Asks: 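My questions all concern the structure below.
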Amino acid sequence: MTDYSEEQRNELEALESIYPDSFTVLSEKPATFTITVTSEAGENDETVQTTLKFTYREKYPDETPLYEIVSQENLDDNDVTDIIKLLEQQAEENLGMVMIFTLVSAVQEKLNEIVDQIKTRREEEKKQKEREAEEEEKQRFHGTPVTIENFLNWKAKFDAELLEIKRKKMKEEEQAGKNKLSGKQLFEMDHNLDTSDIQFLEDAGNNVEVDESLFQEMDDLELEDEEDDPDYNPVNL
């Protein structure tokens, strides 16, 4: 018959010896303790850290221990989730054997990986910022490449803005009495004016009336006879 209490007591003594500075007993029945795990130093001596809390169940190690993360430094939520999943996996794989050292060692390796990932992520962020700065510099000197599509879009917008400016200016000048619209300005504002005279004649048809009194009889006109002119010489014609 397995003496679970003896196995648990022996493991506690071993853990205290292995982790003298980070092992803390919280209670004896049930045996509850914490172990603080710190990664190796990364770039700029940065580390990540977590404190694990374990509680023996009555039939440990034939039952998995209870575990949780009670504190952490420089870890995000995804990292914490990954560590919990790792503990669960390792506990199931080592069921029937004392396993706290194995669990803590797995977490230690995970923290070292996280430090390396932080370093890699920062290097990528630095490279990305450099690429963005280079692209911004190129845009500053070369501008946006001109294509038919973006040129036509720009031209349409430019013409619309220019026409609106002209209309506003002409309206302001007209209202202020500073400028009477010329025929050219009217034409620019309404291109239908160039056909207005023709349209007028077409609408009139054959009904245009002429005042004959405006014309004199040909016989009443005093025209000099070329033959009566003393200087008249047909040879010179």
Side-chain angles (χ1 to χ4, degrees), residues 4-5 7-144:
Y4 297 113
S5 297
E7 288 196 43
Q8 294 173 13
R9 186 166 50 253
N10 291 338
E11 185 179 38
L12 286 173
E13 292 177 358
L15 292 173
E16 187 175 9
S17 176
I18 296 170
Y19 306 107
D21 298 326
S22 59
F23 177 83
T24 303
V25 175
L26 301 180
S27 67
E28 294 182 357
K29 292 185 179 182
T32 302
F33 54 93
T34 61
I35 298 176
T36 299
V37 189
T38 306
S39 70
E40 296 177 357
E43 187 177 18
N44 300 323
D45 295 329
E46 183 179 37
T47 61
V48 293
Q49 179 177 287
T50 184
T51 297
L52 306 174
K53 178 182 176 182
F54 297 98
T55 300
Y56 287 151
R57 290 179 177 175
E58 183 180 354
K59 295 182 179 181
Y60 172 84
D62 287 340
E63 293 179 319
T64 59
L66 300 175
Y67 47 81
E68 62 179 300
I69 295 176
V70 295
S71 67
Q72 56 85 14
E73 291 182 10
N74 301 324
L75 295 175
D76 59 29
D77 293 340
N78 291 332
D79 294 329
V80 173
T81 300
D82 290 342
I83 291 172
I84 293 296
K85 290 181 179 179
L86 177 62
L87 289 169
E88 180 179 357
Q89 176 188 349
Q90 291 295 318
E92 291 295 332
E93 291 179 359
N94 291 275
L95 191 61
M97 300 179 290
V98 289
M99 64 181 74
I100 302 301
F101 176 78
T102 301
L103 299 183
V104 173
S105 296
V107 173
Q108 177 78 61
E109 292 180 5
K110 182 65 178 178
L111 296 184
N112 291 340
E113 291 177 6
I114 292 172
V115 168
D116 291 338
Q117 290 171 1
I118 292 174
K119 178 181 178 182
T120 301
R121 185 166 59 247
R122 287 180 176 174
E123 289 176 351
E124 287 298 324
E125 290 174 352
K126 181 179 179 181
K127 290 179 181 179
Q128 180 64 26
K129 289 181 180 179
E130 291 175 351
R131 287 193 292 266
E132 291 175 355
E134 290 177 0
E135 186 63 26
E136 185 178 346
E137 194 70 14
K138 288 181 181 179
Q139 292 292 337
R140 185 179 304 170
F141 286 99
H142 301 290
T144 302

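Residues take their numbers from the sequence shown, with the count starting at 1. Note that this is a predicted model, so its numbers are computed, not measured.
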Asks: Y19 versus I35: any side-chain heavy-atom pair under 4.5 Å?
Replies: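 The answer is yes; the side chains approach within 4.5 Å.
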
Asks: Treating E28 as the side-chain partner and A31 as the backbone partner, does any N or O pair qualify as donor plus acceptor under 3.5 Å?
Replies: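 Absent.
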
Asks: Name all residues meeting the side chain to side chain contact (heavy atoms under 4.5 Å, CB included) criterion together with D116; count only those two or more places apart in sequence or in a different chain, and write none if there are none.
Replies: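 Scan of D116 (side chain to side chain contact (heavy atoms under 4.5 Å, CB included), adjacent residues dropped) gives none.
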
Asks: So do V80 and Q72 actually touch side chain to side chain, heavy atoms under 4.5 Å?
Replies: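 They are in side-chain contact.
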
Asks: Which pair of non-hydrogen atoms, one from T47 and one from E40, has the smallest distance, and what is that distance?
Replies: CG2-O, 4.0 Å

Asks: So, does N94 use its side chain to make a donor-acceptor pair with the main chain of T102 at under 3.5 Å?
Replies: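 No, N94 side chain to T102 backbone: no donor-acceptor pair under 3.5 Å.
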
Asks: Compile the donor-acceptor pairs under 3.5 Å between side chains in residues 51-59 and protein atoms, sequence neighbours left out, one pair per line.
Replies:
| from | atom 1 | to | atom 2 | distance (Å) |
| --- | --- | --- | --- | --- |
| T51 | OG1 | T36 | OG1 | 3.0 |
| T51 | OG1 | S71 | OG | 3.1 |
| T55 | OG1 | T32 | OG1 | 3.3 |
| Y56 | OH | E11 | OE1 | 2.5 |
| R57 | NE | T64 | O | 3.4 |

Asks: Hey, does I100 have a side-chain heavy atom less than 4.5 Å from the side chain of Y67?
Replies: no

Asks: What residues form a side chain to side chain contact (heavy atoms under 4.5 Å, CB included) with P61, not counting sequence neighbours?
Replies: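 Side chain to side chain contact (heavy atoms under 4.5 Å, CB included) check on P61 returns Y4, E7, V98.
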
Asks: In residues 82-90, what donor-acceptor pairs under 3.5 Å come from side-chain atoms, sequence neighbours left out?
Replies:
| from | atom 1 | to | atom 2 | distance (Å) |
| --- | --- | --- | --- | --- |
| Q89 | NE2 | E93 | OE2 | 3.2 |

Asks: So with a 6.0 Å cut-off around CD of E130, is the heavy-atom count from everything else above 12?
Replies: yes

Asks: Mind checking side-chain hydrogen bond (donor to acceptor under 3.5 Å, both in side chains) for Q128 and listing every partner two or more places apart, or none if nothing turns up?
Replies: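 Expected list: R131, E132.
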
Asks: How long is the gap from NZ on K110 to OG1 on T50, to the nearest 0.5 Å?
Replies: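 The NZ atom of K110 sits 12.5 Å away from the OG1 atom of T50.
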
Asks: Which distance, rounded to the nearest 0.5 Å, do you find between the CG of L15 and the CZ of F23?
Replies: 5.5 Å

Asks: What pairs with T120 under side-chain hydrogen bond (donor to acceptor under 3.5 Å, both in side chains), at least two apart in sequence or on another chain?
Replies: none

Asks: Please find the pair of heavy atoms, one from I18 and one from P20, that lie closest to each other, and give the distance.
Replies: O-CD, 3.1 Å

Asks: Within the distance-only criterion (no hydrogens, no angle test), does the side chain of N112 pair as donor or acceptor with the backbone N or O of S39 below 3.5 angstrom?
Replies: no

Asks: With rounding to the nearest 0.5 Å, note down the distance linking CD in E92 to CE in M99.
Replies: 8.5 Å

Asks: Treating Q49 as the side-chain partner and N74 as the backbone partner, does any N or O pair qualify as donor plus acceptor under 3.5 Å?
Replies: no

Asks: Report the distance from atom CG of L111 to atom CD of Q117, rounding to the nearest 0.5 Å.
Replies: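 With rounding to 0.5 Å, CG (L111) is 11.0 Å from CD (Q117).
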
